[in-house]
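As structure tokens, the structure follows; a few thoughts come after it.
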Protein chains: 2
Amino acid sequence: MLKTERQAYILRKIDLHNRVLSSDLGIEINVSEDTIRRDLNELAELDKIVKVYGGALSKSFHSSFLRFDVYKADGKKIIAEKAVSLVQHDMFILTTGGTTVVEMARILPAGLQATFFTGSIPAAYEYAQHPNIQVIFMGDRISKSSQIAVGGEAISRINSIKADLCFLGINAIDGAGVSDNDWEVVQVKQSMIKASKKTVVLSITEKINTRQRFAVCGLDEIDTIITDSGPGNPLFEGFVAAGVKLL
Amino acid sequence: MLKTERQAYILRKIDLHNRVLSSDLGIEINVSEDTIRRDLNELAELDKIVKVYGGALSKSFHSSFLRFDVYKADGKKIIAEKAVSLVQHDMFILTTGGTTVVEMARILPAGLQATFFTGSIPAAYEYAQHPNIQVIFMGDRISKSSQIAVGGEAISRINSIKADLCFLGINAIDGAGVSDNDWEVVQVKQSMIKASKKTVVLSITEKINTRQRFAVCGLDEIDTIITDSGPGNPLFEGFVAAGVKLL
DNA sequence: AAAAAATATGCAAATTAGCGCATAAAATAT
DNA sequence: ATATTTTATGCGCTAATTTGCATATTTTTT
């Protein structure tokens, strides 16, 4: 087996499994682990994989691991500030949960008078800290993974209101729209979108052009996307073309 | 499992649950707790999580109301433990908010399987931390003073269920019964009492034989009072005479 | 104050990595 | 075709990393 072949084999395996062990590969291809290690180092040098102790990982896997919370928090603050600028007096606002939304809830101006509807426990808590904000919690069963109320009751509560704005914290968005990996949460988000005149997506740049298992809504249902990078970023071309505003 | 993978797993779990215990992770991933502790320390060093005694917390939630660090309220802990002893498997339990109830929520046994109904944001959050507990939040407008849902919707939701037990955190109790100073909260509590087969009052000793503006219920509607002093305390004579159990 | 739980530390065993070198294989030059 | 240079591979060795365990220490709970 030629060196190039071998490396191609390794790459394919990493693509498939997201990871390889040097020891496995040695036996599998029937070369010494030294050779494997040299291969992995070369591939890592070319930025195709990430070498770790004992083997290697796919780049996507590792980048999700490497996200800098500090940086991320900064990004979320930027987003939160932009989002706050859309909030006006006496609005009715629906929001999901998620750290970005919570961040926004924290920095709402003290004087602001508005009504916030949410099913998220952390978000509700933050809203309740503001003296002039009325908080309506749309309850039901609490999903442990996302700390928000899910289920039929929650959804019918959402359906019974009409909000001016919906702030949607998301997991993934691309040209096809918003997607998520939790079916119960998807249903709640869909109801929220339908119950609001305008939908504003809050997303850190990392999530742009990623996709997850379940579709939440198409780009046509989104009015604005707020990210931590400027609207000029070429990453957003597809969204602008679809008529979505950027902030 | 590679070290990097393990740490990624830990990060994901913290993202999802906001906190992890070293002991859980050790069993889950099947490595020693030493290794987990070393991982947590490394991740904390990189500023990705917050290390605390016993495990770690998500950075984003650490700063808000959710912390399980030292919370010195000896009396309330005693009450909480007595209360927990009344909880049995597969019960339906209604609870108010209040620090005593939250304290109880924190120390519920890990294996306990039960359903908790509440309208309190801090209590709901604590319940949601337990893997086998189902949490139903009975939502409506959030009262800022008490962090619980109040109003017609909340009350009609409460009326629609039938619980085995109601844990009632209170403000004042004397020979005439339980009283409170917030009319909206009173209404919620009254509904909760009616919706439960048994009502258990949680109260620190200081509140015994005090009264506030609005009556919540008479002693005849209370089955048990749990305090931080022993049942022999002469303070409780009137309650015993009225047929209330003491713990 | 005592008991229990969690942590830190030092140490040993196992695994993985890196280096130099000999040899084999391939490419290039003569 | 042969010699020479370059590249690739495996082996022996040492170094570094990781992990679990025992023990002492600290923190928390009772």
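Everything numeric here is computed off the predicted structure, so don't read it as measured data.
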Under 4.0 Å from OP1 or OP2 of C/dA6: is there any side-chain N or O of B/S22 that close?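 For C/dA6, neither OP1 nor OP2 has a side-chain N or O of B/S22 closer than 4.0 Å.
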At less than 4.0 Å, is any side-chain N or O atom of A/N41 found next to OP1 or OP2 of C/dG18? Yes or no.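 Checking C/dG18 against A/N41, a side-chain N or O does come within under 4.0 Å of OP1 or OP2.
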With A/F116, which residues qualify under ring pair (Phe, Tyr, Trp, His ring centres under 6.0 Å), at least two apart?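 Checked A/F116 against ring pair (Phe, Tyr, Trp, His ring centres under 6.0 Å); matches are A/Y127.
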With a 3.5 Å distance limit and no angle check, can you tell me whether A/K13 reaches the backbone of A/V20 through a side-chain donor-acceptor pair?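 The answer is no, because no donor-acceptor pair under 3.5 Å joins these two groups.
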With a 3.5 Å distance limit and no angle check, can you tell me whether A/K207 reaches the backbone of A/L202 through a side-chain donor-acceptor pair?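 Checking the backbone N and O of A/L202 against the side chain of A/K207, no donor-acceptor pair under 3.5 Å is found.
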With rounding to the nearest 0.5 Å, note down the distance linking CG in B/D39 to OG1 in B/T4.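 With rounding to 0.5 Å, CG (B/D39) is 9.5 Å from OG1 (B/T4).
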Give a yes or no on this: more than 12 heavy atoms of other residues, nucleotides or ligands lie within 6.0 Å of atom CZ of B/F92.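 Atom CZ in B/F92 is not packed in, count stays at 12 or less.
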Could you give all pairs that pass the salt bridge (charged side-chain N to carboxylate O under 4.0 Å, His left out) test and reach residues 236-245 of chain B, with sequence neighbours left out?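 Listed by first then second residue: nothing to list.
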Any-strand Watson-Crick or G-U partner of C/dT30, both distances under 3.5 Å: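 Pair assignment: C/dT30 / D/dA1.
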Each nucleotide in nucleotides 16-27 of chain D should get exactly one letter: B, S or -. Can you fill that in based on protein heavy atoms under 4.0 Å? BBSBBBB---BB
Length of the CZ-P vector between A/R37 and C/dC19, whole Å: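 In whole Å, C/dC19 P and A/R37 CZ are 11 Å from each other.
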Can you tell me the distance, in whole Å, between the CD atom of A/Q7 and the C1' atom of D/dT7?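 Those two atoms, CD and C1', are 13 Å apart.
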